[in-house]
Amino acid sequence: MADGNKVGGGIYQNRGAPMFVGDGMQVHLTDQRSGHVSRRAVLTGLGSVALASVGGWAGYLIFGSEEAEKPAKGTAAKAPSDRDVLTGHAGAVNAVAFSPNGRTLASASADGTIRFWDLSSRVTTATLTGHGADVTSVAFSPDWKTLASASTDSTIRLWDLARGVTRTVLTDHTGPVNSVAFSPDSGSLASGSTDRTTRLWRTASGKCTAVLRKSPATVNFVTFGPDGSMLLAAYADNTVGFWDTANTGEGPSVLRVNDISSVNSLAISARVVAVGATPGIVRLWGGDKNVGPPLETDSPVNALAYHRDGRRLAVGTSSGTVLLWDTKTYKILGSPFTGHTGAVTSVAFSPDSKVLASASEDHSVRLWTV
């Protein structure tokens, strides 16, 4: 193995001991001399990134298939027609999510409602009510049995999709809830709040199984790693927390990104973590260093989503534009997607990545053919 190079599908040698050893999508920091898995190492990043262990698990990387090496196909998206602009919410649309089969889109709004849109007819098929304030986040469980919604009313609602009714209301947070995300097996739900905690919940019972200790700042966004063994939390400062879901009591590893004031969104491909931040910037992180140059935008980056090819990254900004960025060549593909008259708050690809949805403070959702 050559020092400093990735080899195989998951081994990374970092100039002598220690080294990263992959196990599927997860890798651990291991001392080459003893073979001992280190849980308290400190990795000093290059450029503007550093990963430090905070009383716990360190060394999480994401290496996987070589699919991201394939050339990105297509350089532009088809602009939405009038039919592809979804209107009906009476307030800002804060989040969008596709159903697992790609036929339905859920949108969460500051008007306190969640709408389901049939993507073949582009019409609202159901409107869910119950939250007492803005709905900030929405997520379908991968098994398509449950929808989770978060709100500034400090609650999370779990909706029974078969019946279209609230099954459970989760009330443990003491401040507005900004983000929810399901684990890949649908068994757990993560949430992040202005109360500076990240929580894990059992989907079936609604029981809170872990309160991840308070961070120095609001939790803006949460997401699971590809195999569910890692939970990532974006904070309203310059940090991202990495939690081992099997050992949440040990505390997170912390990624610090210099020259930013808030991490607003995260996206994960097989290789890297994309970090969207204020001021307008997207940085790619892999291992203990930046991957390539950052993408600089004209306004804060509020939303990120990877195409299924693991290479193209959709970037939603406060200026109302959506960019499609090739994370291999570090170039913008085609022209910016324009049309929104307010900040873009959320972006999501359909399961087949043929459609990109963007939500905005202008009360609308736009559908782009990619």
Using a strict cut-off of less than 4.0 Å between a Lys/Arg side-chain nitrogen and an Asp/Glu carboxylate oxygen, indicate whether Arg122 and Asp84 qualify as a salt bridge. yes

Side-chain (Asp309) to main-chain (Arg311) donor-acceptor, under 3.5 angstrom: yes

For a quick check under 3.5 Å, do Ser149 and His131 share a side-chain donor-acceptor pair by atom type? yes

Does a donor on one side chain sit under 3.5 Å from an acceptor on the other, for Ser191 and Arg199? no

Sequence-distant partners of Thr223, side-chain hydrogen bond (donor to acceptor under 3.5 Å, both in side chains), two or more places apart: none

When you check the side-chain N and O atoms of Arg115 and Thr124, is any donor under 3.5 Å from an acceptor? yes

For the side chain of Asp362 and the backbone of Thr341, is there at least one donor-acceptor N/O pair under 3.5 Å apart? yes

Heavy-atom closest contact (Ser299 atom, Thr317 atom, distance): OG-CB, 3.4 Å

Between Thr321 and His340: side-chain donor-acceptor atoms closer than 3.5 Å: no

Return yes if a side-chain donor-acceptor contact under 3.5 Å exists between Trp117 and Ser107, otherwise no. yes

Within a 6.0 Å radius of atom CZ on Arg163, are there more than 12 heavy atoms belonging to other residues, nucleotides or ligands? no

Name all pairs fulfilling the ring pair (Phe, Tyr, Trp, His ring centres under 6.0 Å) condition that reach into residues 310-336, sequence neighbours left out, sorted by first residue then second. none

Can you find a side-chain donor-acceptor pair between Thr104 and Asp118 that sits under 3.5 Å? no

Just by distance, with hydrogens left out, do Ser261 and Asn238 show a side-chain donor and acceptor under 3.5 Å apart? no

Without hydrogens or angle criteria, can the side chains of Asp298 and Ser319 be said to hold a donor-acceptor pair below 3.5 Å? yes

Counting only N and O atoms by type, is there a donor-acceptor contact under 3.5 Å from the side chain of Ser151 to the main-chain atoms of Asp134? yes

For Trp368 and Ser358, which I'm curious about, is there any donor-acceptor pair between the side chains at under 3.5 Å? yes

